[in-house]
Amino acid sequence: MTVHEEVEQIILNALNTLNEGFNDADKITVSTDTYLFGKKAQIDSLSLVSLIVELEEQLSEKFNREIVLTDDRAMTREKSPFYNVQSLKDYVVELLTA
Amino acid sequence: MENVIQVVNGSYKQNTFIYICNAPHCIVIDPGLDYDPIRKILEDNNLQPEAIFCTHGHFDHIGSVSKIKQQYNSVVYLHSKDLKICNSSNFLLKVLKTGLTIETPIPDVLISSDAVYQIRGVDVHVICTPGHTPGSCTIRIGGLLFTGDTFLKTENLKNQLPGYNEAELQNSFIKIFTTYPGNFMIYPGHGKPEKLEVIKAEYLIAAEGKGKVN
């Protein structure tokens with residue numbers, strides 16, 4: 001499995017876990033196209049915060065190094081890494097390969 | 001002039017406290033998102049902040065830290081366990097759709113356990129009271145307790161953010177209630193100052209309702 005695939009799997013698993021906690025009416029379709037932030041966001045702000053914090057822990061454990069997704073590096077980018085699963089995956093891979 | 005000046009910051013109604021040690025020297029506790037009213041009070045009273053104590057790392061309590069530090073060269077104190085929350089400030093401000101950003105502060109002193117710091121002849125006690133966040137602290141100066149968000153209502157949005165720990169918070173309540181006399185004053189992060197005995201009575205009533213007190 002490539003790093004891209006591993007990261008994608010971790011994000012989708014975390015999103016699925018989050019989804020399990022939602023009421024039936026709030027459940028979302030989880031895929032690489034799932035919108036996380038912005039006007040099209042399919043999850044609310046607090047769910048996004050929970051997801052990102054959970055991902056930081058899981059990614060740090062998996063790759064045996066501290067992965068910080070919420071610092072000012074992420075916030076100063078022109079396009080938010082949190083826009084959808086794909087952009088988040090790309091950002092994580094970028095951090096891992098930097 | 002009173003020893004303590006309260007400044008209520010913008011939309012989060014967060015309290016910044018300015019404690020005058022020995023004029024013009026003062027300590028700023030939790031400088032929030034609105035720098036202008038804090039700056040005005042400091043300038044109007046010709047005050048020099050020697051130190052900035054952050055009760056915890058949430059953005060509404062640290063929003064003006066960098067500006068004060070740059071202006072006055074103040075020493076910034078924050079618990080090490082809240083450094084990550086502090087560094088996530090702009091992320092939280094963004095996802096919570098505040099439209100605000102801050103200059104993320106860099107603490108000079110990372111607190112790791114209960115400690116006493118002497119600032120211009122005043123003993124400033126830092127008491128670890130985790131729960132609201134992992135690194136939440138209460139700042140005690142004499143009979144004054146600056147408790148940050150430790151006594152924030154449970155249902156508050158900020159008690160739903162990662163890092164909140166109900167069990168730790170309960171232990172922190174007990175630590176405060178059993179250590180300090182009822183006539184000590186609580187200066188909370190939001191709302192009005194109140195005597196500890198009043199806060200304790202409210203807590204006991206609430207805990208009884210939840211079945212936490214026999």
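Chain letters run A, B, ... following the sequence lines, proteins first, then strands; residues in each count from 1.
Salt bridge annotation for K175(B)-D114(B): present, with a cationic side-chain nitrogen under 4.0 angstrom from a carboxylate oxygen. The pair K69(B)-E103(B) does not meet the salt-bridge criterion, since no charged nitrogen lies less than 4.0 angstrom from a carboxylate oxygen.
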*Output, in order, the C-alpha distance, side-chain angles, deciding distance and verdict of side chain to side chain contact (heavy atoms under 4.5 Å, CB included) for Y19(B) and L144(B).*
CA-CA 10 Å; Y19(B) 181 89; L144(B) 314 180; 3.8 Å; yes
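Only the side chain of E56(A) comes within less than 4.5 Å of a heavy atom in chain B; its backbone stays farther off. If you measure heavy-atom distances from L93(B) to chain A, you find no contacts under 4.5 Å at all. Only the side chain of V53(A) comes within less than 4.5 Å of a heavy atom of chain B; its backbone N, CA, C and O stay farther away.
Counting heavy atoms from C-beta outward, I176(B) and I199(B) have side chains that stay 4.5 Å or more apart. A 4.5 Å side-chain heavy-atom check between T16(B) and I41(B) finds every atom pair outside the cut-off.
The CG atom of N15(B) lies 4.0 Å from the CD atom of Q6(B); values are rounded to the nearest 0.5 Å. N73(B) CG to Q71(B) CD: the interatomic distance, rounded to the nearest 0.5 Å, is 10.5 Å.
The distance between the ring centers of F146(B) and F53(B) does not fall below 6.0 angstrom.
Contact count against chain B (heavy-atom pairs under 4.5 Å) is highest for V49(A) among D44(A), V49(A), D71(A).
Within residues 57-67 of chain B, no residue has any heavy atom closer than 4.5 Å to a heavy atom of chain A.
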